[in-house]
**Student:** 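Mind looking over this structure? Questions follow.
In this chain, residues are counted from 1 in sequence order.
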Amino acid sequence: MDELQRDYPWTKSPLVSCGPMRLIALSKLTSEVSRAGGLGFIGAGSDCSALVAELESFKGLQTECRILADVKDVLPVGVGFLLWAGEKLLMEALPILEKYKPAALWLFAPSHPDQLVQWTKETRRVTKGMTKVWIQIGTVADALEITKSCQPDVLVVQGNDAGGHGLEKCAGLVSLLPEVDDAVSALCAAQEIKKPTLVAAGGIMEGRGAAAALTLGASGVVMGTRYLASPEANIAKGYRDAVLKASDGGVTTERGKLYDTLRGTTDWPLRYGGRGVLNETHHDAAKGMSVEENKRLYEQALERGDDGWGEKARLTTYAGTGVGLVKEVKSAAAITKEVREDAISVLKRANSSL
Ligand SMILES: Cc1cc2nc3c(=O)[nH]c(=O)nc-3n(C[C@H](O)[C@H](O)[C@H](O)COP(=O)(O)O)c2cc1C
């Protein structure tokens, strides 16, 4: 049994997780992922306003599933926060973490590295170490600094292909993950500290990508984009359809700050940008349209409902370069099981051909 199955006993190996997509990964999606032997993260994001209601809803759904109902010490779900939101978010989160003891906490995008230390220390204090700490990184330097300062239980190594926000400058998983693995292993051996478990994110859409990540040194995988095509993801049909339609994501998606600028979500630290499917908003900006005019058209597009999304429309469609591999709507539980089982088959096939 590996460490992840020890910490999250309802899960199956290799661990498949759903990333904490703000306002998208809520109790409905995460309970289905956890029910299928994965670990779902509720995306609290930068405020706690809906978190208690989502955790209560998760508790209700937990009772409907025997495997999850048997988990008593922690809530079999994770919660993710965006740390740039500052001290107020931590103060609001701590009593909630203490009361509900989610199995894992996902920390991302601090405006200062000290925030990671404070969140890690305080979470471990109020949950008596029951809530495991996952920290998402995208560079070798961050992996080393955070391993030293926080000793997280899990480092989520996110490569440049990832959908939604990530580092503007960041390698893809194929080179990032083994370099992080080597560097962190050496550091932990030298300092005689426990090595965090590595989990991979960014560009993994199905069993082949998951198997690749496992061979690169990950013990589990996280997906975001793939779960957008589940009925449990809290997104509009127009958004889901735009994800299903997109292909060749290296060309049709891009990471940047344009959609944050237009939507007014400008608190992100400078080094982060959001990756999404390109549409008229992007093309007009590239041709020189002013931010004011683009904003006006964006607001108009919001009134068009589902028709506001698509290649020839304007609304934000955060998704990763793997969009072309997302071809059908499937339940989050089916996605979780499929990716886990296909990864095992791919690894067995590769092994038998040696
Ligand atoms: C629409 C969308 C929203 C996201 N929102 C968040 C978020 O609020 N917090 C966070 O830590 N990660 C967020 N992510 C990143 C995911 O947690 C995950 O790391 C990423 O999606 C993995 O890459 P993939 O999209 O290629 O699977 C988001 C991803 C997407 C696609």
Side-chain angles (χ1 to χ4, degrees), residues 1-20 30-42 55 58-59 62 65-80 97-98 100-107 116 119-137 143 146-147 150-158 177 180-181 184-185 187-189 191-201 204 207 210-211 213-223 332-333 336-337 339-341 343-344 347-348:
M1 185 193 281
D2 74 20
E3 193 142 329
L4 293 172
Q5 274 65 59
R6 244 194 341 264
D7 286 343
Y8 319 106
W10 70 93
T11 65
K12 294 185 177 149
S13 181
L15 182 69
V16 175
S17 281
C18 163
T30 53
S31 61
E32 284 300 291
V33 174
S34 291
R35 184 173 74 78
L39 172 59
F41 280 85
I42 293 174
L55 290 168
F58 185 94
K59 276 175 82 171
Q62 180 188 10
C65 168
R66 199 186 51 75
I67 295 167
L68 296 184
D70 284 348
V71 183
K72 301 288 182 210
D73 297 345
V74 291
L75 205 58
V77 69
V79 180
L97 295 172
E98 182 172 14
Y100 291 92
K101 294 190 181 59
L105 170 76
W106 169 305
L107 305 177
L116 291 169
W119 273 81
T120 302
K121 219 170 74 194
E122 290 300 304
T123 300
R124 286 178 172 155
R125 182 179 64 78
V126 300
T127 68
K128 301 189 170 49
M130 306 286 276
T131 298
K132 302 297 174 194
V133 177
W134 293 38
I135 300 183
Q136 192 196 143
I137 55 94
I146 288 163
T147 300
C150 300
Q151 296 184 35
D153 299 285
V154 169
L155 273 179
V156 181
V157 182
Q158 182 180 272
L177 188 51
V180 166
D181 194 6
V184 170
S185 297
L187 172 79
C188 293
Q191 302 214 342
E192 296 183 4
I193 54 176
K194 190 168 165 292
K195 186 186 163 196
T197 300
L198 303 183
V199 167
I204 300 164
L214 298 171
T215 63
L216 291 167
S219 300
V221 299
V222 171
M223 298 187 296
T336 306
K337 188 166 179 282
V339 172
R340 181 175 64 235
E341 291 179 354
I344 294 170
L347 290 170
K348 280 188 179 153

**Student:** From Q158 CD over to I204 CD1, what is the distance, rounded to the nearest 0.5 angstrom?
**Tutor:**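 Spacing of CD (Q158) from CD1 (I204) equals 10.0 Å.
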
**Student:** Hey, what do you get for CG (L55) to NZ (K101), rounding to the nearest 0.5 Å?
**Tutor:**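 Atom-to-atom, L55:CG and K101:NZ are 12.5 Å apart.
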
**Student:** To the nearest 0.5 Å, what is the distance between CG on D2 and OG on S13?
**Tutor:**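 Going from CG on D2 over to OG on S13, the span is 4.5 Å.
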
**Student:** Can a donor-acceptor pair be found, under 3.5 Å and without considering hydrogens, that links the side chain of S31 to the backbone of F58?
**Tutor:**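 Checking the backbone N and O of F58 against the side chain of S31, no donor-acceptor pair under 3.5 Å is found.
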
**Student:** Can any side-chain N or O of W10 pair as donor or acceptor with the backbone N or O of Q5 at less than 3.5 Å?
**Tutor:** no

**Student:** What I want to find out is whether D153 reaches R124 closely enough, with some N-O distance under 4.0 Å, to be called a salt bridge.
**Tutor:** yes

**Student:** Looking only at non-hydrogen atoms, find the nearest pair between A213 and L177 and report the distance.
**Tutor:**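 Between these two residues, the closest heavy atoms are O-CD2, 3.6 Å.
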
**Student:** Side chains of P14 and V221: does their closest heavy-atom pair fall under 4.5 Å?
**Tutor:** no

**Student:** Hey, is the main chain of P76 close enough, under 3.5 Å, to the side chain of S34 for a donor-acceptor pair?
**Tutor:**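 The answer is yes, because a donor-acceptor pair under 3.5 Å joins these two groups.
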
**Student:** Would you call I135 and C150 a side-chain contact if the rule is heavy atoms closer than 4.5 Å?
**Tutor:**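 Yes; the side chains approach each other to less than 4.5 Å.
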
**Student:** Spell out, as yes or no, whether a donor-acceptor pair under 3.5 Å connects the side chain of T131 to the backbone of P102.
**Tutor:**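 Looks like yes, one N/O pair under 3.5 Å.
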
**Student:** Measure across G37 and L15 and return the closest heavy-atom pair with its distance rounded to 0.1 Å.
**Tutor:** O-CD1, 4.3 Å

**Student:** How many angstroms lie between CE in M130 and CD in E98, if you round to the nearest 0.5 Å?
**Tutor:** 12.5 Å

**Student:** Identify the two heavy atoms, one from L39 and one from G78, that lie closest to each other, and give their separation to 0.1 Å.
**Tutor:** CD1-N, 3.8 Å

**Student:** If I compare all heavy atoms of V71 with all of I67, which pair ends up nearest, and what's the gap?
**Tutor:** CG2-O, 3.6 Å

**Student:** Once rounded to the nearest 0.5 Å, what's the spacing between atom OG1 of T11 and atom CZ of R340?
**Tutor:** 8.5 Å

**Student:** Tell me, with the steps shown, if V33 and V16 meet side-chain contact (heavy atoms from CB on, under 4.5 Å).
**Tutor:** CA-CA 8 Å; V33 174; V16 175; 5.8 Å; no

**Student:** Shortest non-hydrogen contact from T120 to L116?
**Tutor:**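 T120 and L116 have their closest heavy atoms at OG1-O, 2.6 Å.
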
**Student:** Relative to the ring of W106, is the ring of F41 parallel (under 30°), tilted (30 to 60°) or perpendicular (over 60°)?
**Tutor:**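 Geometry flag for W106 against F41: perpendicular rings.
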
**Student:** So, do T127 and V74 sit near enough that their side-chain heavy atoms are less than 4.5 Å apart?
**Tutor:**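 No, side chains not in contact.
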
**Student:** Nearest 0.5 Å, please: how far is CG in L155 from CD1 in I137?
**Tutor:** 5.5 Å

**Student:** Any carboxylate oxygen within less than 4.0 angstrom of a Lys/Arg side-chain nitrogen, looking at E3 and K194?
**Tutor:**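 The answer is yes: the pair qualifies as a salt bridge.
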
**Student:** Considering all heavy atoms of both residues, which atom of T336 and which atom of A332 are nearest to each other, and what is their separation?
**Tutor:**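 That closest heavy-atom pairing would be OG1-O, 2.7 Å.
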
